[in-house]
Amino acid sequence: MGEKIKKVNSWLSTVFGDQTIPQFEVNARTVDILYQLAQCSEARCSDTALLTEDLKQKAAEYQAEGAHFQDVLLQGVGLSSASLSKPAADYLSALVDNAMVLGVRDTSLSNFMPAVNGLTGEVLEVEKLNRRLERELRALRKRLSTTLVLRGSLQEDINKTTKSQAVESAKAEERLLSMDFVMAKAKELSKRRERSEAQLVSRNMDKSITHQAIVQLAEEVTVLKKEIIPLKKKLEPYMDLSPSPSLAQVKIEEAKKELAAIDSRIEKNAEFK
């Protein structure tokens with residue numbers, strides 16, 4: 001690509017001369033397009049230069065041949081351009097100029113007509129080539145415009161993606177920091193738990209007041225409370241009766257003892273809790 005850029009810069013410097021070269025975006029697409037235009041331009045300039053040299057050479061030959069014919073006319077019949085009238089000299093000059101442009105060796109009609117037809121064909125071919133080059137140039141400009149629009153869209157997408165990646169990167173970094181903090185906190189709590197357990201072991205702590213033991217006692221209290229409910233239901237029928245004083249007193253005392261024992265167990269469990 002470096003060689004193409006040098007070629008394009010050299011061609012643009014030649015085309016614009018002393019004028020400032022317009023700024024353009026340097027990328028593979030634009031460089032390829034300008035490189036193709038440079039090649040076409042140089043090829044046409046080369047063809048034009050060769051054609052110019054050929055015409056110069058023919059002009060020199062025609063001038064030499066004209067000088068020879070003038071000498072022949074002057075020496076043979078004593079006719080020179082100075083002896084002709086002005087209209088005749090103008091016609092002769094125009095005839096010579098046309099013969100030189102058409103590239104014929106003499107001014108006979110049999111040479112003029114094929115030369116004119118050939119020149120007309122060349123003009124048509126050149127016009128056809130110009131039209132084709134114009135179509136290609138319009139197509140290149142259209143593709144260039146489409147490419148520029150696509151480039152703008154891609155650049156916008158790249159900018160959006162870059163911003164999104166920056167945001168996601170910041171979030172990921174924040175999550176990593178949070179994770180590091182949580183892991184450090186977990187390690188700290190684990191060490192504190194181990195130290196606390198070691199202190200409790202060193203102080204001969206009663207296992208009955210540990211969290212697990214208290215939870216177990218609470219479960220037992222709940223079970224005992226559930227056991228009291230059916231016992232109370234058994235006493236309900238006797239609450240409205242009028243039994244004999246002695247029998248009722250015995251039943252009441254038994255029930256009171258049973259309830260007192262259950263209440264004592266509940267209070268003990270509650271104290272442990």
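As the structure is a computational prediction, the values presented were derived from the model and not from experiment.
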Distance from [X] atom [atom1] to [Y] atom [atom2], nearest 0.5 Å?
| X | Y | atom1 | atom2 | answer |
| --- | --- | --- | --- | --- |
| Gln57 | Thr52 | CD | OG1 | 13.0 Å |
| Gln155 | Asn159 | CD | CG | 5.0 Å |
| Thr147 | Leu140 | OG1 | CG | 10.0 Å |
| Lys56 | Asp54 | NZ | CG | 12.0 Å |
| Ile229 | Leu224 | CD1 | CG | 11.5 Å |

Is it the case that over 12 heavy atoms from other parts of the model lie below 6.0 angstrom from the CD atom of Glu173?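 No, not enclosed.
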
Flag yes if more than 12 heavy atoms outside Glu174 fall under 6.0 Å of its CD atom; otherwise flag no.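 Count not over threshold, so no.
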
Given the rule that I, L, V, M, F, W and Y join up when any side-chain heavy atoms are under 4.5 Å apart, are Leu37 and Leu144 in one cluster?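 Yes, Leu37 and Leu144 fall within the same hydrophobic cluster.
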
With the 4.5 Å side-chain cut-off for hydrophobic clustering, are Leu148 and Ile33 part of the same group?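 Same cluster.
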
Can you tell me if [X] uses its side chain to pair, donor with acceptor, with the backbone of [Y] under 3.5 Å?
| X | Y | result |
| --- | --- | --- |
| Thr162 | Ile158 | yes |
| Ser145 | Arg141 | yes |
| Thr222 | Ala218 | yes |

How far apart are the C-alpha atoms of Arg132 and Lys128, what are their side-chain angles, what is the distance that settles it, and do they pass the side-chain contact (heavy atoms from CB on, under 4.5 Å) test? CA-CA 6 Å; Arg132 182 174 64 82; Lys128 182 178 179 181; 5.9 Å; no

Side chains of Leu150 and Arg29 in contact at under 4.5 Å (non-hydrogen atoms):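 No, every pair of side-chain atoms sits at 4.5 Å or beyond.
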
With a 4.5 Å cut-off on side-chain heavy atoms, are Arg175 and Lys171 touching?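 SC-SC contact between Lys171 and Arg175 confirmed.
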
Please tabulate, for side-chain N and O atoms in residues 180-187, each donor-acceptor pair with protein atoms closer than 3.5 Å (sequence neighbours left out).
none

